[in-house]
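These notes concern the structure reproduced below.
Predicted, not measured: the structure shown is a model, and the values here were computed from it.
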Amino acid sequence: MGLKATARELATGARTGGAMARRGAELARSIVRTRRGQDDLPRMLTYIVTFRCNARCVMCDSWRKEGEDELTLAELDRIFAQLPRLHAVRLTGGEPFVRKDFADIAALVERHLQPALLHVTTNGFLTDRIVRFCETRPRRVPLQLLVSLDGEGEKHNQIRGRADAWERTFETVQALAPRQEELGLRLAVNQTILDAEGMRHYAKLRDCLRPLGVRNQVVIAYEASATYHLTREIDVAPREPGAFATFTALAKDELAALFDEIERDLEDQPLPERIAKRYYLEGIRGRLLRGEAAPNPPCVALGAHMRLFPNGDVPTCQFNTKRAGNLRQQSFAALWSGAPAAAQRDWVRKCQGCWAECEVLPSAVYSGDLLRALKPPRIL
């Protein structure tokens with residue numbers, strides 16, 4: 001090995017080690033600030049790149065929303081340049097791949113925000129476009145691709161409102177599953193449970209995906225989301241601790257059996273996924289089976305976790321779309337230190353607590369509460 005190559009490796013290792021040390025220090029500071037109820041800078045971004053969608057899901061009104069004046073690449077370049085370097089960025093929708101410039105958006109994320117992880121959610125319909133993105137993207141940042149499959153065959157078609165939903169999505173999974181290592185990709189399926197039939201499809205999907213080396217993750221659908229509500233600014237957050245309104249009525253005995261089965265399957269999962277999913281399961285068990293708000297971490301919405309809407313709005317959280325401001329119209333520094341953001345942070349501190357995985361896992365990480373997932377699970 002030549003001296004230049006050795007120097008490059010040492011420099012890369014030093015940069016990587018330095019970035020890890022910096023992120024570790026930032027995480028520690030965020031945990032302290034969250035525990036003290038102090039303001040914090042964003043460490044994670046959830047950016048809804050578009051509300052447009054090529055599905056017609058029964059549990060989501062994103063496809064019914066009026067077209068947003070979506071941020072252009074030039075505007076995103078300016079906005080991202082103002083944000084701090086982030087630990088993780090989640091790009092979602094709507095369906096993010098309906099934006100033909102999605103690969104350029106991801107490139108801007110990597111250039112400016114330098115995350116340790118890029119997370120993308122998709123319904124998987126646009127197979128060619130999704131595979132091309134995975135093949136051609138720079139691979140400096142690990143990619144987690146979460147593909148939505150809510151049941152096997154016709155069940156998925158019914159939920160997603162398309163007769164070809166299962167065929168198209170499963171084609172994407174099959175195309176990418178054997179190439180995960182080659183593409184620097186971690187592929188998983190997300191199953192949203194809406195009803196009793198969906199619970200029975202958990203094992204069907206698991207057994208279908210296991211030969212492909214793809215894990216099946218489960219979330220329980222809640223009754224309403226402010227993010228995808230047709231009303232522009234609305235608060236649908238729980239009004240009391242431990243409240244969780246499901247999309248349809250679910251029997252406790254069937255839920256308990258499902259949670260037990262998922263818990264057993266976690267033993268085959270990598271440690272990070274096992275810890276995160278065990279934490280989610282503990283909270284959903286508490287709420288749906290015992291009526292308890294445990295765990296209930298301090299929320300980091302408008303703190304370590306920032307959301308960004310397609311038009312530049314910065315909402316409070318998944319369940320409250322009251323705006324802190326708009327990054328198309330004002331600088332990040334002005335928005336983050338402004339009176340509207342401060343008022344919404346007061347609301348966050350008084351919130352009774354939700355149990356949407358996309359909210360509670362950032363809160364669990366940046367409050368340090370995720371450590372409780374290392375304890376043995378409590379079974380009803």
Side-chain angles (χ1 to χ4, degrees), residues 12 14-31 33-34 39-50 70-94 96-97 99 101-122 133-134 136-146 184-186 272 300-315 317-318 324-337 341 358-359 361-363 365-366:
T12 300
R15 286 196 298 271
T16 303
M20 289 177 63
R22 170 179 59 80
R23 293 183 186 115
E26 290 168 348
L27 173 59
R29 285 195 295 271
S30 288
I31 289 173
R33 296 188 72 82
T34 299
D39 296 349
D40 195 14
L41 286 173
R43 305 299 179 194
M44 175 180 175
L45 171 68
T46 295
Y47 171 34
I48 298 173
V49 303
T50 182
E70 295 166 358
L71 294 167
T72 66
L73 291 176
E75 290 173 319
L76 287 170
D77 189 41
R78 175 181 57 79
I79 289 169
F80 290 165
Q82 300 174 52
L83 300 182
R85 288 175 294 186
L86 299 175
H87 300 168
V89 174
R90 178 174 179 250
L91 302 179
T92 185
F97 284 97
R99 281 197 65 158
D101 58 357
F102 179 78
D104 297 316
I105 294 173
L108 287 175
V109 165
E110 291 196 22
R111 184 191 314 160
H112 288 298
L113 305 180
Q114 301 176 31
L117 176 69
L118 179 65
H119 180 104
V120 178
T121 62
T122 175
F133 167 73
C134 293
T136 59
R137 73 179 186 93
R139 296 173 197 170
R140 295 183 296 271
V141 176
L143 171 64
Q144 282 189 347
L145 189 70
L146 194 61
L185 167 69
R186 293 169 68 187
V300 297
L302 285 180
H305 184 199
M306 185 181 93
R307 287 179 172 268
L308 179 63
F309 275 178
N311 68 345
D313 282 347
V314 175
C317 68
Q318 172 80 344
N326 183 290
L327 289 176
R328 170 180 270 153
Q329 301 165 359
Q330 58 195 133
S331 70
F332 168 74
L335 183 151
W336 210 245
S337 62
C358 59
E359 290 289 357
L361 287 183
S363 295
V365 169
Y366 291 102

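Counting only distance, with no hydrogens or angles, the side chain of R90 and the backbone of M44 share no donor-acceptor pair below 3.5 Å. Between the side chain of Q82 and the backbone N or O of F332 there is at least one donor-acceptor pair closer than 3.5 Å. Formation of a donor-acceptor pair under 3.5 Å by the E359 side chain with backbone atoms of Q318 is found in this model. Although no hydrogens or angles enter the test, the distance criterion places a donor-acceptor pair under 3.5 Å between the side chain of Q330 and the main chain of N326.
Proximity of Q114 to P84: side-chain heavy atoms (C-beta onward) are nowhere separated by under 4.5 Å. You'll find the side chain of W336 reaches within 4.5 Å of the side chain of M306, heavy atoms only. No side-chain heavy atom of Q144 sits under 4.5 Å from any side-chain heavy atom of V120. Looking at heavy atoms from C-beta onward, L308 lies out of side-chain contact with V49 at the 4.5 angstrom threshold. In this structure the side chain of H87 reaches within 4.5 angstrom of the side chain of Y366, judged on heavy atoms.
The heavy-atom pair separating R85 from H112 by the smallest distance is CG-O, 4.3 Å. For the pair F309 and Y47, the tightest heavy-atom approach, listed with the atom from each and the gap, is O-CE1, 4.0 Å. Looking at every heavy atom in both residues, C317 comes nearest to A301 through CB-CB, 3.9 Å. Looking at every heavy atom in both residues, D77 comes nearest to R111 through OD1-NH1, 3.9 Å. A pairwise comparison of heavy atoms in C134 and L145 identifies SG-CD2, 4.3 Å as the closest pair. Residues A324 and L335 approach most closely at O-CG, 3.8 Å, considering heavy atoms.
Defined by atom type and a distance below 3.5 Å, a donor-acceptor pair is present between the side-chain atoms of R43 and S30. Side chain to side chain, H305 and S363 fail the donor-acceptor criterion of an N or O pair below 3.5 Å.
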With a 3.5 Å cut-off and sequence neighbours excluded, list the donor-acceptor pairs that the side chains of residues 102-109 form with protein atoms.
none

Derivation and outcome, side chain to side chain contact (heavy atoms under 4.5 Å, CB included), residues L302 and V314: CA-CA 9 Å; L302 285 180; V314 175; 3.9 Å; yes
Trace of the side chain to side chain contact (heavy atoms under 4.5 Å, CB included) decision for R22 with M20: CA-CA 5 Å; R22 170 179 59 80; M20 289 177 63; over 6 Å; no
Side chain to side chain contact (heavy atoms under 4.5 Å, CB included) assessment of L71 paired with R328: CA-CA 8 Å; L71 294 167; R328 170 180 270 153; 3.9 Å; yes
